Amino acid sequence: MSYAYLFKYIIIGDTGVGKSCLLLQFTDKRFQPVHDLTIGVEFGARMITIDGKQIKLQIWDTAGQEAFRSITRSYYRGAAGALLVYDITRRDTFNHLTTWLEDARQHSNSNMVIMLIGNKSDLESRREVKKEEGEVFAREHGLIFMETSAKTAANVEEAFINTAKEIYEKIQEGVFDINNEANGIKIGPQHSPTSPSSPSGGPGSSPGSGCC
Amino acid sequence: MSISSRSSSISHSQFSNYPYQQDAVRVIAQHCAGGQEQHRRFSVDPQLTSFDILKNLIGRAFDMKGDFAINYRAVDDYGGEAYLPMVSDWDLSAAFLSASDPDLQLVVEGKNIPLDVEDGSGDYEEEQWDMIKSDEMISSASPLTDSQDAKSQYSQKTDGNTSGFSSQSSLSMISRVSSAVSNNPQYPISFNAKLNTAGLFNAMEKLVQKAKNLYDDLSVVTSRPPLSDVEFRNYLDTGGTLCKPRELRFACYHGGIEPSLRKVVWKHLLNVYPDGLTGNQRMDYIRNKSKDYFDLRDVWKSAFQNGQINEEVLYVSNMVRKDVLRTDRHLKFFAGQDDNLNIASLFNILTTYALNHPTTGYCQGMSDLASPLLFIMGDEAQAYICFCSLMDRIKPNFSTDGLAMSLKFAHLAEGLAYYDQQFWLYLKSMGADDLLFCYRWLLLELKREFAFEDALKMMEVMWASLPYKPQDVPLYEVKFTHLNAHAMPIPIPSLTSSYSKVCAIRRSSTALNALDIRKRRYSHKKIKGNSTNLSLDENSLSSLSTSSAASVRSHRKPFYSLDESTELISSSEFLSTSPFEILSPEMSQDMPKPKMIKNLKEFWMIGRPKSFSSAADISPTTSFPTSTASSTYESIKNAYDTDLNGQVFLDDSGGSRSDEGTTPTEQCSLADSTKTYQDSSSISNIQSETTEKNLIPSEIPISNRDSELSTSTESASKISGDRMTATSLNPASSSSSSAIDNSRETSELNYSYRNNVNRCDVEGVSQGGESEHDSGHCLSESFENSVEPEFQTGATRQPAKMPNPETLGGGNPFLMFLCLTLLLQHRDHIMKNRMDYNETAMYFDKMIRKHNVSKVLAHARQMYSNYLKQNVSHA
């Protein structure tokens, strides 16, 4: 399927926070309560529309365990967006955010858009991390923030799409060098590389049309 | 010629995953010897019959003593008849698909070439490696005397020249040559192996008796039925002692094991027993071991129950708990609520293992490996014993130094380039040649790639291909006691777990970073108090966080390879400083700026340390840029030797790796040697230049197969002393001798290859190069040097030879062929649809638990046998 842009994402965060479930919910629109634990990296993709443009998201879902960190790192480069996920019912996953963030900042290109995600928002009764804390952390570190539930699908679309919007905006602002694939952005086959489309009424979004 | 194109298209696109419609194909074979025509009729299962099997069947049927050619009768769309040569599986597939209705007609022609294969196999038998002898694995009896091996088969097909009318096909082959070979018309033909168990068994017996005549019998056994109770007992003597371990492995390799027998036989295949135990002794042995296990388990369990919370236990149990709750839950065995007792058993096994094996600890993926063991054993303690033995072999996969995994990646890549260069080049063009989507395959030895039941079969076949190694399985590395858990401080040196070391080197050498790592390690040491509950309920402990992880981790020793031998002894001098120093700010400031992994390629390159690099050794994430990875360890070793001896040690030929296979043990020791490099560099900056030398090349992705590579040489002028050698950098064996010569001429040059391909990480790489410039260190010049043309042209060359069986796949060569099979079986689909990196990766992701075990095994066995045969003949 043709697309105007391809964005590469990476999903990172502690083990068990729901990275794979977020991806599955986004790409397949379903929730699998018991998901195989991810070994190394797994791959997903979906088409979305922003500002009338087809954008293909290519998503790399990484293993959270420290032992895999060395290979996870090698995925950062070449990613335009990162979803940094913690589990609102496990404080430690929140505490580790700094580590993840440092890692991401250090190994990615500086323009990579990072979305902070507090997942499992459906488990309100077990919440250990207040939403405000997530917001504060995001503000301090210049991230976008959202609480999601891979189970109920709440905010899952938005998380992926808002990240894409931000990337798209950066492209339009000329921040990203779109000709450099190391930035995690690729121009689609039918898109003129010289003129990243001019904004027409601001980026609006709609859920994608199926997987690819 | 219409036939030609037709069969070509069929064989090319449909070899791998075309489901043959028929269960059986009738074969009529005709052979003309001494002016007398003979016919044989039999039927084969197209799903299971490879070209080699067929050839062997025919060889037996006509009692062919020499090599022979097979042609099959094909009829084109216009009714024209022709005999096409059958030289490969592709031709056979084409024949099955297009020329087997109502029967497949073959004409067999003796080639009259004397065989010396048997001599080769005899010699081989005297060799010392204990892998199942190649001749046993060579299920196919086609005694190929020329280049007619797997490689040429594949290269033919990848040339796009797939039909029977390939290089070999001249009409002269079709003309019937009468064979001088006498034949034996009495030879019984009963080849439908699936149905003829007794016959198979006889064949087996005969095989044992006529060890040197294996080629005659083996192929028949290829599609033998699973090992049965009755058959198994024939490998035991009257006291129940396993007296024919090799025969047992042979049988399991070819047919798997009947499910009801797995519990007994797996323990043999997994090398759980010491040699020579009678049946009763084995039972006692297991009983005692089980008791030992429960003792080990109770240590941490009781400590926990007494409320004596221990960080390490907490950390490990939290990790394990999260993972057992999502391991094979689709099985009835593990299904239901989280309090399923089998899940609890799995939890106990893994936790006990991790606590008693501090060097290895717990790592994700282990639950996948333990689960089938528990499932088959149905007993926690026995599963633990098996797990210990299995882990003993696999644990390098989980090592944070990444060496074992990298080696496997490298070998897989090399194998692909060797067997299917077209596909390899395709993946390269898509930037997918890092093969990272195979990570899980290699880590879990394909356990997850097949449906559970199928995986059981795949695993037992694979285990059977490994050497018989009787042993008294140690159930612990260092006994976990509550005492030592407390007594163990968080020692400073332990901060240099290989992982943190990697971090330190990788990230950058700035003090800030080094400190940062330390800080992080200490940062989350607090434990929550409320956590004595050991239940599997996720809630109970989930809050207990991996936070203790950092500190607990630090108990681990940096390397697990403390038992390394000889070569390393001399390295002790390098170990005089604590590894911790690498983290010290001053040191790191002084150290040359190490590079970070900037892209996947670099990660993947880890395993390709052709160009030696201690950095690569040091860090998993770092890379061993090298082209033909196979000689990896040798080159490291050589370079290492060199460094020790202070003299140049030239690898005498890039391709001579076959002689001294590096054993896994050596690999470990190499990892250690790495450490020594690192240490020495941190000791003094005098050496740092040298060491740095070693460090740097590793960071530059290298691949001499990459046609688009820009290659750069590193000038030796700045190398201090002659410690840095060309060895490390020997071009791949695949590269031409000119390249090798070249490396000799410039024996003190480092070859660094830079990948400039149109990949999305191009920039990463080149920036890597730039930052090298920036750091102003001695390598910088190298990038300005001109490209070695040899390497560029060599880029598309196939490796001349695969690594030898002792080295290949880090001690599990058959795994490589299983993985290659998975790749090859889908290559057409991938290439036809022009799948890019992500699509290819997703495609294989979606194949999880869906691969066809029979086809994969049959194909892999065949590749493996060809490979071994080749190895024998070259040996």
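Sequence lines set the chain letters: A, B, ... in the order given, protein chains first and strands last, and positions in each chain run from 1. Every value quoted in this text rests on a predicted model; they were computed, and no experiment measured them.
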**Prompt:** Which region of A:T98, side chain (C-beta onward) or backbone (N, CA, C, O), has a non-hydrogen atom less than 4.5 Å from a non-hydrogen atom of chain B, or is it both or neither?
**Reply:** neither
**Prompt:** Mind checking whether A:F94 and A:Y86 have parallel, tilted or perpendicular rings, split at 30° and 60°?
**Reply:** perpendicular
**Item:** Pairs of heavy atoms under 4.5 Å with chain B: top-ranked of A:G44, A:G40, A:G64
**Value:** A:G44
**Asked** What part of A:F68 lies closer than 4.5 angstrom to a heavy atom of chain B: side chain, backbone, both or neither?
**Response** side chain
**Request:** Just say parallel, tilted or perpendicular for the rings of A:Y5 and A:Y168, cut-offs at 30° and 60°.
**Result:** perpendicular
**Message:** Test of understanding: with side chain to side chain contact (heavy atoms under 4.5 Å, CB included), list the residues that count as partners of A:D122, not counting sequence neighbours.
**Reply:** A:K120, A:S149, A:K151, A:T152
**Request:** Sort out for me which of B:R440, B:R326, B:H330 touches chain A most, counting heavy-atom pairs under 4.5 Å.
**Result:** B:R326
**Asked** Under a 4.5 Å heavy-atom cut-off, does chain A meet the side chain of B:F437, its backbone, both or neither?
**Response** both
**Request:** Determine the interplanar angle of the A:Y9 and A:F160 rings, folded into 0 to 90°, and report it as parallel if under 30°, tilted if 30 to 60°, perpendicular if over 60°.
**Result:** parallel
**Message:** Using heavy-atom distances under 4.5 Å, tell me whether B:D323 contacts chain A through its side chain, its backbone, both, or neither.
**Reply:** both
**B:Q364 versus A:T38, closest heavy-atom pair with distance** = OE1-O, 3.9 Å
